Amino acid sequence: MPGPKQASVQLPIIDIYQTILSPSSLSSISQACKDLGFFLITNHGISQDLYNSLYSLSNHLFNLPLDTKLLLGPSTPVNTYTPLFIASPFFESLRVSGPHYFSSAKSSADLLFTNNTTTDYTSQFCSVMEEYGNKMVELSKRIIAVVLECLGDGFEMKYCESEFSQCHGYLRINNYIAPEVVQEEEEEEEGGNGLGEIEGLGMHTDMSCITVLYQDESGGLQVRSKEGWVDIETGEGTLVVNIGDLLQAWSNGRMRSSAHRVLLKKKKKVRRMSLAFFWCFEDEKVIMAPSDVVGEGKERIYRPFVCKEYVEFRQSSVQGRFDKVGFTVDDFAAIIGS
Ligand SMILES: O=C(O)CCC(=O)C(=O)O
Ligand SMILES: [Fe+2]
């Protein structure tokens with residue numbers, strides 16, 4: 001018997017490098033940032049060829065034996081690899097950090113690929129990571145400019161440089177491996193929802209200002225709205241942008257960092273790949289919404305806090321459960337009674 005159909009949402013799509021965004025584009029993005037904190041972008045400058053290369057290089061890497069991948073695991077000094085069974089039984093990931101994406105990728109690849117026949121792979125992997133990382137940095141700066149303009153006329157000029165110029169980014173290559181057929185008992189055990197779907201990545205909010213997400217055609221990303229979980233549908237060549245906790249705090253809650261998760265669907269292909277780029281404030285930044293962002297007559301809802309302290313709060317709250325948390329920036333910095 002087919003299960004009930006899950007709701008999906010049509011998010012606004014903007015041509016991100018359009019020189020002047022029309023008032024109607026800006027207002028639909030403003031509304032989306034306020035309601036769900038998710039919108040879509042096109043004309044992002046990343047070619048399908050680059051995604052195809054990223055896809056096959058990542059596949060090759062995740063297909064390595066577990067022992068090899070664990071050379072980069074959580075208990076090693078590099079600590080760029082998160083194996084299966086940490087965030088979920090079906091999720092593994094590799095982190096590549098900026099600003100030098102080539103050398104970050106190389107420090108991982110050098111440990112994974114040690115013989116001469118793989119030298120080509122290493123150099124290709126590092127170059128592709130560098131190209132993608134640098135493009136994501138440019139894109140994130142542009143998105144921040146647009147989002148600031150959504151918050152107030154002239155805010156892009158006023159705050160881009162003064163508040164966001166020290167931002168940094170890191171990339172997470174996510175690989176999901178679903179059991180081929182999701183059995184009913186397995187679903188029950190692993191937290192399935194009775195619709196032939198299992199959780200690939202549990203509910204969480206992102207600890208970024210913004211996240212730029214590429215997902216392959218498998219779908220499965222859901223965001224929690226007031227009415228419940230809704231599917232995020234994307235078309236080919238479209239990237240997902242979502243507001244993270246840091247921007248929610250900096251905007252005094254005017255932009256929303258929504259909880260989201262990934263479901264793996266029965267009968268869909270067994271692997272799913274996504275690339276999440278997190279654009280974050282520098283560790284030492286004191287996050288405090290400027291008074292004109294708070295707005296006249298409005299109460300401040302977060303106390304000022306140091307970015308790094310929030311990141312540490314999240315890491316200590318999850319007890320090794322990666323991003324699957326019940327604690328958000330509201331638990332950390334909300335002013336009680338506001
Ligand atoms: O894989 C996805 O589509 C989403 C991943 C995600 O939410 C994350 O890495 O924070
Ligand atoms: Fe996320």
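Since the structure is predicted, the reported quantities are computational estimates derived from the model, not experimental observations. Each ligand, and each atom within it, is numbered from 1 in the order the structure gives. Numbers here are sequence positions counted from 1.
Each of the atoms 1 (O), 2 (C), 3 (O), 4 (C) of ligand 1 lies under 4.0 Å from some heavy atom of Val262. Taking every heavy atom of Ala276 and a limit of under 4.0 angstrom, the matching atoms of ligand 1 come to 9 (O). Under a 4.0 Å criterion applied to the non-hydrogen atoms of His204, ligand 1 contributes the atoms 6 (C), 7 (O), 8 (C), 10 (O). Counting the atoms of ligand 1 from 1 in the order shown, those under 4.0 Å from a heavy atom of Tyr176 are 1 (O), 2 (C), 4 (C), 5 (C). Residue Arg172 approaches ligand 1 through these ligand atoms, each under 4.0 Å from one of its heavy atoms: 8 (C), 9 (O), 10 (O). The His260 neighbourhood of ligand 1 comprises atoms 7 (O), with distances under 4.0 Å to a heavy atom of that residue.
Contacts of Thr211 with ligand 1, taken as heavy-atom pairs under 4.0 Å, are absent altogether. Only the side chain of Leu201 comes within 4.0 Å of ligand 1, counting heavy atoms alone; its backbone N, CA, C and O stay farther away. No part of Tyr214 comes within 4.0 Å of ligand 1, judged by heavy-atom distances.
Put simply, the angle at the Fe ion (ligand 2) from NE2 in His260 to NE2 in His204 is close to 90°, to the nearest 10°.
A donor and an acceptor atom, one from each side chain of Ser108 and Thr80, are located under 3.5 Å apart.
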Check the pair Leu239 / Leu139 against side-chain contact (heavy atoms from CB on, under 4.5 Å), numbers first and verdict last.
CA-CA 11 Å; Leu239 297 178; Leu139 191 55; 3.9 Å; yes

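Checked against the Fe ion (ligand 2), the N, O or S atom of Asp206 at the shortest distance is OD1.
Here the two rings, on Tyr51 and Tyr132, have centers that are under 6.0 Å apart. Not less than 6.0 angstrom separates the ring centroid of His60 from the ring centroid of Phe125. For Phe164 and Phe281, the gap between ring centers is short of 6.0 Å.
Remark: the backbone N or O of Glu156 is paired with a side-chain donor or acceptor of Glu149 at under 3.5 angstrom. Proximity of a side-chain donor or acceptor of Arg303 to a complementary backbone N or O of Phe332 within less than 3.5 Å is detected.
Evaluation of the side-chain hydrogen bond (donor to acceptor under 3.5 Å, both in side chains) test over residues 277-290, restricted to residues two or more places apart or in two chains, returns Glu163-Lys285.
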